[in-house]
Each structure stands twice: as C-alpha cells, then as structure tokens.
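Computation of the quantities below employed the complete heavy-atom set of this structure, encompassing side-chain atoms and omitting hydrogens, waters and symmetry-equivalent molecules. Naming: A, B, ... by sequence-line order, numbering from 1 per chain.
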Amino acid sequence: MVLHCRIEEAGYSKGDPVLKHVEFTIRPGELVGLIGPNGAGKSTTIKSLLGAMEHLHGEIELEHYSYIPERPFFYPGLTLMEHFHFLLSTIDVDEKQFMEDMEQLLKEFDLEKVVHHYPDSYSKGMQQKAMIMLAFLKKADIHIMDEPFMGLDPKVFRKLLNRIDEEKRRGAGILMSTHVLDTAEKICDRFLLISTGRLIADGTLQDIREKSHLPDGSLFDCFHILTEREIDDRLETV
Amino acid sequence: MTGWKLFKLRFMKDLAYQRKVLGIVIDWTTWVYIFLPFFIFVIVQYVEFWKNAAAISSNPLIQNVVVALLLLFSFNGKFRSYMQEADQLFLFDRPKLYRSLRKYAFSCSLLKNVVVSFFVFLVFLPWFKRGVGLGWEELFYLYLFFFSLWLLHGTAKSILKHPLTYWFTAIVLYISMVLFAIRLPLAVLGSLGTVISMLLLIWHVLKLIPTKKYFFHEVNEENKERSRYARMILGVAPNVEKMPIRLGKRPLFLRNSRRLFREISPEKGLLELVIKGFLRHSVYLGSYLQIIGVTLFAILLLPLWMKWVIFFLFVVFLNYNSWLKGLYEKLLDQYFFTVVPIQENIRETVGLTFKRLLFIPAVAVVGFVTTLLTIITL
C-alpha cells in the first residue's frame, strides 16, 4: 500500500465540510482515476492528502509522494534548471543518474532550449510539462496528479501516457484526477467516483458498470448515470 | 455601433475610471489647499521666469544641456489604442469598425501628444526666447524637431514588445537626436522634424491603424495605462507588497543556472534557492540596499556620538527586529513548496544561515564607514 486515505470530514471552514466519508487505498503499481463532476470534491480530496486542508478529520497515510497541481506553481526568480537543482537537493538519489534522467526528460518534452529560462515565461503547456518533469524526477512511491493532461498537445499527451506506464512498472502508485474520461477508461486500473463530496463508487470499470447497470457502457455513460442517480437520491432525501 | 461611438464610450469610461481612482486619494481639500495654491505659485514663478530669463546664462554648454533636457521629455510620447482583450472576439471580424475605432484613438493620442509636448516646450520657452534670443520662427523649428522625437518615442513604445529592445532603441534615438540638435542649424532641424513627423503619421495611418499585428502588445500597454494611477497609489503605499521587476526570460545574474554550492544537501539546496530568489527580487534587494543606504546617509550627516548610536540601532534593527526574519518567511511563502516540500528543521537551520549572510555584510559596510568617519572627524 502506498496510500491510505480515510477522511471523515474535510472542508475549508469548521462545520461546513466539503468531503464526508471518503476512504480508499492505492497499492504499488496501481493507477487510480479520481473522477467526478465540477465542484464534487476532487481537488479537496487531493488537498486533504497533501495536508493542505484547514479542517480535516480522518487519517492519511502517505509518504514520499510527488504532486502535479492543476495549475503549475514555480518558485519566482528561479530557472527551470534551478528548480531541478533544488529538487535534487531534497531527495536521496544518485546525482549522475538524476542528471541523466533529467537530460532524457528535457529532450523528450522538448524543453532543452528553455531550461535556463524562468518557467513563468513559458506557455501553459510548457509549464505543465515542466511540472510533470519535476514529478517524475522525484522517483516517488506515489504520484498525485491533478488534471495532468490539461494544456498538453497530442504528442506530449502520448509521451505522458508512456511515462505513466513506466512509473507503474517501476512500482509507483498513481492517483490521477481527470475529466478526460475516454483516456482514463483505457489506462486506469480502478476508479474513485466522487459526487457532492461523497465517494459514490470505488472499483474497476467492470464494478462501475455493474453499479450503474450498464454492462457495456463506457466510463462516460456510467459516470453520467451514477452522478445523476446520486443527485436524485439526495433530492429525494431532502 | 460606429467607430466614433465605440471610441467615445471607451474614452469616457477610461476617464471616469481614472477619476474614480484618483478620487480615492484626492478630495476637494487636496484641491483647495494643495493643488490650487500650487498652480498659483507655478503661474507666478512662470511670469517671474519670463521677466528674468534674459539674465540667466546661455553659453553654448548650457544651451546644449538644456536642449538635451528638453528632448528627454520626449520619452513621454505615447499612442493609445483603446484595445481590449475581448476585441479579438467582437472586433476582429468587423474590420471597418476596428479601423474606425483605432483611427479615432490615434487622432485623440496625436492631439494629446501635441498639447502635452507644447506645454512642456512652453516651460523652456522663456529661456530660449529671452535667454538665448531665438526668434519665433526658430522656436517653431525647435518645437517641430522636439515633437518629431516625441512621436518617435510614442511609436517605438507601440511596436516594440520587449522592454530591453524598447529602452535600447529609445536611448539610441535620444542620443542621435541630441547630437543632431547640437550640431545642425535650427532651420535644418525644423525640416528634419517635419519629415520625420510626416513619415511617422503616414506610417501610422497606412500600416499601424489597420494592422492586428501588435494587438496583444497594445492590450498589455492599455492595461498598464488603465492601471497607471492605481499602480502609482499602490506604489507609494507602505503596506502593499510590490511586484519585482524582471527584465527578459532569463536571469541577468547566473544566466546559465550555475550552482552556488558544490555540496548537494537539503540545507544547501534551500539556501541556494532563497539566495537566488532574494538577489533576483528587485523589491527585496532594493529594500535591503535602501536600509543600508539610508543608515549610511544618516551616519554621514550626524555628529560623532550620534553616528555610533545609529550604528548600534542599525545592528539591533537587523538582528532583533523581525525584518530579516520576515524577509525569509516571505521568500518561503510559495505554493511551490507543495510540489517540492521542505522539512521544518531544514527551514529553521537555513533561516539562521540566510539571516547571517545578509546581516554580516550590512554590518561590516556600515561599521567600516562609521569607523572611517570617526577617524576623519577626530
């Protein structure tokens, strides 16, 4: 197990929880898709995992992780290379190996020419690529990715999928929040479906299909059925 | 909607917005007790200047300096486009309206440039007329030349996106025009100014008004122009955190991301990060140098015993006051650390080293100057 999350309640202010009763586990080499409608609580779940929520009742077991935020964050006044230097100083890896991996990733993501530039000056897609590089260079036990495909061109999209596959083979767990359901359907081993702050489904595509009574349905269709049903149930309760 | 109506709408909206912003800090008491007396004072001084201008020295060196000073004001030249970001959705497919709006914006800017440059010229006029003894015709030539440089700067600002390119061009233009002004006869300067102005105006009308090539740069410039008073007010407000100025995509200091320390450790990594972050943050670096500069200035002026009091207060301020601690906390207050987290114990250890790194040179410089001035005084 590389991540265990048991959230009783989490929110931005006391007495106003955004998440309730969310519990899941991620095992080594497992890619789990965190899906749900806008405002369902996906980002709050990720923030809770990172310990960035002010009000959290529950238990998070998470060590040596990497994080790709939805909106890239860089340290102002540092070049991309200097971000790599800083990352290197914080992790226990062989410098030579790290530099080789870095060169390889720079080439793969086509950022070689701008490595001595401030990432603030990059386009949105380039910033996302830089964030992905920082995450993969960390060789973490688990990668937490919040909308990692956002702003990527199809070529880089493909490269990211290959890298995700490599990381899985290395034994790293991956929790990926995404709205790109057709891709998630193809690559994820398991799905966590969150709606209105609750975990309404946790399982493989087959489990999700059974739960939504759509034996051959796509993840997109199942998603629609389950989230609509959850909202209807909630309205009936009210 | 016609171009004129759209321009009028944007012009009036901009005017109302700027009035509202200035209204925050300037009320009627400021007008009555500060601005009105100031205007009267300026008018009285100007009348005096006309009367006494003949007595002011006008040797060739001073003439050259005054002409260079006059031409320096041409950096104020600018053309507003009144473009907004949403225009790419609503105006790009309506070329007639787009051109028409830009035509009125250009005409308005041109008129504003004529009026403002004329008032600037008016300030220097008494000295040129009575001190140097230029005739009205010669003054007209000089104004034409001055106005042409004003237009050149305004045009350069409209089309040169990179700040370094703009400043380099502006300085080259300025030096060339000053050299022309010093060496060429006024009649030639007048003709040169007319030719430059005419060419620029034709270029604006035929090329720059219809083009969309500079659209995003123009939107940026418009945003800056719109927020100019707000920025000015925030710029002097002591409690507002200022944004650093960054020239270009690469740092000027350690351009190739060279490491400061050979040893790789979490402590050295974080220390390098905060040192580089500090040295490349113009506001933080400026504040640090300002504190040292102000202390040195006070030490220079005050009597001997006060010099040492100031020196010890400076040491206490840096060491026990929260300024250096606050600076370090600000440098670490970044979302980036959710991506690459740092441990609390490393944060504290590096904090002490960082504070020492800024404290020791500051105290050494101020202490050295204080000791030197003490020896000189004794």
With only heavy atoms counted, which part of B/Thr338 is less than 4.5 Å from chain A, the side chain, the backbone, both or neither? both
Atom pair NE2 (A/His83) and CG (B/Leu273), whose distance is rounded to the nearest 0.5 Å: 7.5 Å
Is it true that A/Glu82 and B/Arg280 make a salt bridge, defined as a side-chain N closer than 4.0 Å to a carboxylate O? yes
Might you confirm whether atom CZ of A/Phe157 has over 12 heavy atoms from other residues, nucleotides or ligands at distances under 6.0 Å? yes
Do you know which two heavy atoms are closest between B/Arg255 and A/His116, and how far apart they sit? O-CB, 3.6 Å
Side chain, backbone, both or neither: which part of B/Leu270 has a heavy atom under 4.5 Å from chain A? both
Side chains of A/Thr79 and B/Arg250: does their closest heavy-atom pair fall under 4.5 Å? no
If one checks every heavy atom of A/Leu88 against chain B at 4.5 Å, the contacting part turns out to be both
Does the separation of the ring centres of B/Phe337 and A/Tyr75 fall below 6.0 angstrom? yes
Spatial distance of atom CG (A/Asp92) from atom CD1 (B/Ile264) [nearest 0.5 Å]: 11.5 Å
Report yes if some heavy atom in the side chain of A/Pro76 is under 4.5 Å from a heavy atom in the side chain of B/His281; otherwise report no. no
Please classify the contact between B/Ile342 and chain A as side chain, backbone, both or neither, with a heavy-atom cut-off of under 4.5 Å. side chain
CZ/B/Arg94: more than 12 non-hydrogen atoms of other groups inside 6.0 Å: no
Quick one: are B/Phe336 and A/Phe86 in side-chain contact, heavy atoms under 4.5 Å? yes
Looking at B/Gln343, I'd like to know if its CD atom is crowded, meaning that more than 12 non-hydrogen atoms belonging to other residues, nucleotides or ligands lie closer than 6.0 Å. no
Closest heavy-atom pair and its distance - B/Pro341, A/Lys138: CD-NZ, 3.6 Å
Residue A/His117 versus chain B: region with a heavy atom under 4.5 Å: both
Under 6.0 Å from the CD atom of B/Glu85, do we count more than 12 heavy atoms belonging to anything else shown? no
Heavy atoms under 4.5 Å from chain B: which residues of residues 36-72 of chain A carry them? A/Tyr65, A/Tyr67, A/Pro69
Using a cut-off of 6.0 Å, state whether more than 12 heavy atoms not belonging to B/Phe261 lie near its atom CZ. yes
Could you tell me if the side chain of A/Leu78 sits less than 4.5 Å from the side chain of B/Glu272, heavy atoms only? no
Can you establish whether the number of heavy atoms outside B/Tyr335 located under 6.0 Å from its atom OH is more than 12? no
